[in-house]
Amino acid sequence: MWRARGRRAQTFLRTVAERIIETAPRVPVRDLETLRTQFPGLGTEELADKLVAGATRGSATVGAGVGAAAMLPVPPAMPAELAAEIVGVAGVELKLIAELHEVYGRRAPGNARERATAYLEAWASERGIELTRPVTLSTAMGGELRNRLRQQIMKRTLRNLPNLTPFLIGAAVGAFANHRDTARLAERVRADLRGTAQGQDKGRRGKGRNGQAG
């Protein structure tokens with residue numbers, strides 16, 4: 001019995017990871033110019049706050065839907081509902097991560113698919129990307145990124161299971177849990193991006209004082 005459950009869990013993790021990988025390149029990402037046009041007059045931190053507020057609302061909506069489904073007299077197939085929630089929230093958070101990198105001037109290098117791979121790595125590790133150590137498509141296809149994704153999905157699954165408990169936790173708590181998790185992810189990524197930007201500024205000031213690098 002336990003082996004069968006273990007196999008089902010591994011199948012679930014692989015399936016959800018592949019769905020997230022397939023979804024990532026299709027997530028619509030606004031570049032900095034578009035964001036500045038849509039939110040004129042905002043500074044970097046104010047603009048980032050706007051993005052986080054929108055993303056937390058989006059992930060909360062996904063959580064509310066699954067939480068409400070769990071309250072139905074005859075719930076739908078919960079693994080499918082849980083997979084839909086994780087993929088849905090991942091899409092919201094990938095968009096947020098990509099746009100935060102735009103706002104802080106840290107866009108991932110490469111084409112759209114390569115950037116999506118970098119932001120997948122950021123989502124899996126809950127960190128900002130390291131431009132000096134870019135994630136390549138070959139790395140992703142080789143399995144390292146997939147393993148990271150499965151680990152992150154397992155964490156999300158364990159956190160989200162209470163949302164699926166009928167009559168105990170419903171839409172309100174499902175929404176709260178996703179809102180909280182997205183906000184935490186955003187703060188970790190923003191801390192990395194702020195630190196990187198500050199390091200660059202110090203480097204430029206040092207060069208200016210000395211007149212040369214090093």
Side-chain angles (χ1 to χ4, degrees), residues 16-40 42 44-71 76 78-104 106-108 112 115-129 149 152-164 169-193:
V16 176
E18 292 303 321
R19 286 177 61 184
I20 292 173
I21 289 172
E22 291 172 4
T23 299
R26 298 196 294 269
V27 172
V29 177
R30 295 167 291 187
D31 60 20
L32 181 57
E33 182 179 356
T34 300
L35 290 168
R36 293 290 186 198
T37 300
Q38 292 181 354
F39 304 103
L42 298 184
T44 297
E45 293 299 326
E46 294 171 316
L47 183 51
D49 287 342
K50 279 280 188 184
L51 298 180
V52 173
T56 52
R57 285 195 301 270
S59 63
T61 299
V62 176
V66 174
M71 297 292 287
M78 280 304 142
E81 288 292 325
L82 184 57
E85 176 177 13
I86 294 171
V87 174
V89 172
V92 171
E93 293 179 348
L94 284 168
K95 179 180 177 68
L96 173 63
I97 288 171
E99 292 182 350
L100 285 175
H101 280 78
E102 292 283 337
V103 168
Y104 286 97
R106 304 296 294 164
R107 176 194 282 191
R115 289 196 298 273
T117 302
Y119 298 135
L120 273 172
E121 168 68 21
W123 184 80
S125 61
E126 299 185 348
R127 303 296 300 269
I129 64 171
L149 285 171
Q152 177 68 354
I153 291 163
M154 176 61 79
K155 287 169 55 179
R156 288 299 180 101
T157 301
L158 294 176
R159 287 203 296 258
N160 292 352
L161 279 176
N163 299 354
L164 306 180
I169 297 178
V173 177
F176 171 79
N178 279 355
H179 183 287
R180 176 200 59 205
D181 288 346
T182 299
R184 287 176 177 173
L185 170 68
E187 191 50 48
R188 292 188 186 104
V189 172
R190 289 177 74 176
D192 280 351
L193 296 175

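Sequence positions, counted from 1, serve as the residue numbers for this chain.
- The distance from atom CG of Leu100 to atom CG of Leu47, rounded to the nearest 0.5 Å, is 8.5 Å.
- In plain terms, the two heavy atoms of Leu42 and Arg36 that are nearest each other are O-NH1, 2.6 Å.
- Closest approach of Arg19 to Ala83, counting heavy atoms only: NH1-CB, 3.8 Å.
- Side chain of Arg127 to backbone of Glu121: no donor-acceptor contact under 3.5 angstrom is found.
- Counting heavy atoms from C-beta outward, Glu126 and Gln152 have side chains that approach closer than 4.5 Å.
- Taken to the nearest 0.5 Å, the CG atom of Leu96 stands 11.5 Å off from the OH atom of Tyr119.
- Looking only at side-chain heavy atoms (C-beta outward), Arg107 and Asp31 come within less than 4.5 Å of each other.
- Contact between Gly128 and Asp192 at its shortest, heavy atoms only, is N-OD2, 2.9 Å.
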*Could you give me the CA-CA distance, side-chain angles and deciding distance for Ile20 and Ile86, then say whether side-chain contact (heavy atoms from CB on, under 4.5 Å) is met?*
CA-CA 9 Å; Ile20 292 173; Ile86 294 171; 4.2 Å; yes

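- Put simply, the side chain of Arg106 does not reach to within 4.5 Å of the side chain of Ile129, judged on heavy atoms.
- The backbone N or O of Leu32 lies less than 3.5 Å from a partner atom in the side chain of Glu102, making a donor-acceptor pair.
- Between Arg115 and Val29 there is no side-chain heavy-atom pair separated by less than 4.5 Å.
- Closest heavy-atom contact between Ala108 and Ala118: CB-CB, 3.8 Å.
- Between Leu149 and Glu18 there is no side-chain heavy-atom pair separated by less than 4.5 Å.
- Ala186 approaches Val52 most closely through the heavy-atom pair CB-CG2, 3.7 Å.
- Closest of all the heavy-atom pairs between Gly58 and Val92 is C-CG2, 4.4 Å.
- For Glu45 and Tyr104, the side-chain atoms include at least one donor-acceptor pair closer than 3.5 Å.
- Just one residue in the list Glu85, Glu93, Arg57 forms a side chain to side chain donor-acceptor pair (under 3.5 Å) with Asn178, and that residue is Glu85.
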*asked:* Before you tell me yes or no, could you show the steps for Lys95 and Leu51 under side-chain contact (heavy atoms from CB on, under 4.5 Å), namely the whole-Å CA-CA distance, both residues' side-chain angles and the distance that decides it to 0.1 Å?
replied: CA-CA 9 Å; Lys95 179 180 177 68; Leu51 298 180; over 6 Å; no

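- With Glu99 contributing its side chain and Arg30 its backbone, the two residues share a donor-acceptor pair below 3.5 Å.
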_Worked verdict on Trp123 versus Leu185 for side-chain contact (heavy atoms from CB on, under 4.5 Å)_ = CA-CA 8 Å; Trp123 184 80; Leu185 170 68; 3.9 Å; yes

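- Without hydrogens or angle criteria, Thr56 side chain to Ala53 main chain gives a donor-acceptor distance under 3.5 Å.
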